[in-house]
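The block underneath contains the structure these notes are about, expressed in structure tokens.
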Protein chains: 2
Amino acid sequence: MLRLSKLTDYATVILSFMAKDKAQVLAAMEIASMTGIAQPTVSKILKLLVNANVLISTRGAKGGYALARMPEEISVATVISALEGPIALTECSISHQGCEQASGCDIRGNWSLINQTIHNALESVTLADLIRPVALPEEVFIPVANIYR
Amino acid sequence: MLRLSKLTDYATVILSFMAKDKAQVLAAMEIASMTGIAQPTVSKILKLLVNANVLISTRGAKGGYALARMPEEISVATVISALEGPIALTECSISHQGCEQASGCDIRGNWSLINQTIHNALESVTLADLIRPVALPEEVFIPVANIYR
DNA sequence: ATTAAATAGGACTAAAATGGTCCTCAATTA
DNA sequence: TAATTGAGGACCATTTTAGTCCTATTTAAT
């Protein structure tokens with residue numbers, strides 16, 4: 001489905017919450033209770049975001065997590081790769097190693113163009129964009145079956 | 001990793017092969033031996049592509065599969081959704097049903113913009129583009145660890 | 001100093017998705 | 001009628017993902 005993992009989805013919810021909250025430092029437990037996501041899961045996600053330099057953590061009592069920079073400076077691409085690793089549609093996009101043996105492999109080189117396009121799209125959207133309220137048009141409910149045609 | 005499934009990857013290889021081959025109709029077994037992909041797997045993929053109206057099948061002796069239309073008319077988006085279902089990064093992109101209870105859900109509406117962008121990117125690339133030989137720059141080998149930064 | 005509150009790091013388990021194979025039925029040609 | 005080929009779906013093994021938990025480390029407050 002070319003879909004994001006659940007954890008990535010949670011991460012955007014958590015980050016959006018943090019970006020909107022005026023408090024600078026929030027403990028994992030606070031975030032968990034505010035977002036309704038289980039605390040161990042929240043902690044797991046926060047750790048990954050710290051490793052990716054999206055968040056800064058403070059240990060010890062009164063510790064917690066804070067955004068490492070302004071929401072405008074945090075792209076969706078960064079968040080996705082923090083949770084899921086590099087954004088690459090095919091294995092070949094990471095490295096062409098060992099692809100030469102497949103008879104159709106020369107074709108796949110063109111995937112890099114597609115990858116680049118998608119990466120650019122995700123890079124251009126920031127956390128600030130995500131929290132900006134959009135007037136969504138009236139929701140139209142479409143049964144999933146219909147989407148498959 | 002936001003990556004395509006292996007089957008989708010195979011599908012592009014198979015379709016590229018078919019687009020380049022002058023024969024109009026190819027049996028699953030022929031395709032399997034030419035591409036090096038196991039025959040049962042090839043069959044599975046071909047069936048999915050028929051259901052998505054990307055291929056046309058002919059049963060019986062001398063039967064096989066042929067492209068339903070010109071390579072220029074077959075988008076990568078079509079191929080991906082044939083194999084993996086609708087292209088939607090988040091569940092909410094398919095339907096917002098039941099999202100209202102989450103405190104951060106109003107944020108996710110903006111995902112639809114991202115989805116649209118990516119969908120457009122994939123829609124704009126066709127099978128014809130995939131088989132067009134590209135002069136790929138000298139491959140630079142980057143250890144995966146470095147990509148994670 | 002000691003205690004309590006937090007994060008860091010990683011092991012572990014259960015559930016879900018994926019990849020891959022196989023079997024039976026239907027259609028077509030020779 | 002026999003041989004060839006696709007249709008459809010069941011099935012299983014493997015991998016991935018989600019989620020939890022445990023132990024160590026760090027810091028603040030008393």
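In what follows, chains carry the letters A, B, and so on, assigned in the order in which the sequence lines appear, proteins first and then strands, with residues in each chain numbered from 1. In this text, all values refer to a predicted model and were calculated from it rather than measured experimentally.
- Of the listed nucleotides (D:dT16, D:dT20, C:dT7), D:dT20 has the atom at the smallest distance from the side chain of A:K44.
- By the 4.5 Å heavy-atom criterion applied to side chains, B:I118 and A:L122 are counted as neighbours.
- The side chain of A:Y10 places no N or O atom within less than 4.0 Å of a non-bridging phosphate oxygen (OP1 or OP2) of D:dA18.
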Using Watson-Crick and G-U wobble pairs whose two distances are both under 3.5 Å, how do you write the pairing of DNA chain C as dot-bracket, with | for links to another strand? ||||||||||||||||||||||||||||||
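- Checked by atom type and distance alone, the side chain of A:E123 never pairs as donor or acceptor with a backbone atom of A:S75 at under 3.5 Å.
- Following rounding to the nearest Å, B:E84 (CD) and C:dA16 (C1') show an atom-to-atom distance of 16 Å.
- The residue among A:N51 and B:A38 whose nearest nucleotide of DNA chain C is located toward the 5' end is A:N51.
- Nearest nucleotide to the side chain of B:S5, out of D:dG19, C:dT18, D:dT5: C:dT18.
- With respect to the salt-bridge test (charged N to carboxylate O, under 4.0 angstrom), the residues B:R132 and B:D129 qualify.
- With a 4.5 Å cut-off on side-chain heavy atoms, A:V50 and A:I56 do not count as touching.
- Of the candidates C:dT21, D:dT17, D:dG6, C:dT21 carries the atom nearest the B:T41 side chain, counting heavy atoms from C-beta on.
- Taking atom CD on B:Q39 and atom P on C:dG19, their separation rounds to 18 Å, with Å as the unit.
- Between the CG atom of A:N53 and the P atom of C:dA8 there is a distance of 12 Å, rounded to whole Å.
- Spacing between atom CD1 of A:I37 and atom P of D:dA18 amounts to 12 Å, rounded to whole angstrom units.
- The shortest distance between side-chain heavy atoms of B:K47 and B:Y65 falls below 4.5 Å.
- Heavy atoms of other residues, nucleotides or ligands lying less than 6.0 angstrom from CD of A:Q39 number more than 12.
- A:L55 is listed as a side-chain neighbour of A:L15, based on a closest heavy-atom distance under 4.5 Å.
- Taking atom CG of residue B:D9 and atom C1' of nucleotide C:dT18, one finds them 14 Å apart after rounding to whole Å.
- Residue B:Y65 contributes atom OH, which lies 14 Å from atom P of C:dT28 at whole-angstrom precision.
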With B for base contact, S for sugar-phosphate-only contact and - for none (protein heavy atoms under 4.0 Å), nucleotides 22-30 of chain D reads ---BBBS--
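- Backbone-only contact: A:L7 has heavy atoms under 4.0 Å from sugar-phosphate atoms and none from a base.
- At whole-Å resolution of the value, CD1 in B:I45 and P in C:dT18 are 14 Å apart.
- Here the P atom of nucleotide D:dG6 and the CG atom of B:L48 are 15 Å apart, to the nearest Å.
- Side-chain contact between B:I31 and B:I37: absent, with no pair of heavy atoms (C-beta onward) separated by less than 4.5 Å.
- For the residue pair A:T126 / A:E72, no side-chain donor-acceptor distance below 3.5 Å is found, with atom types taken as modelled.
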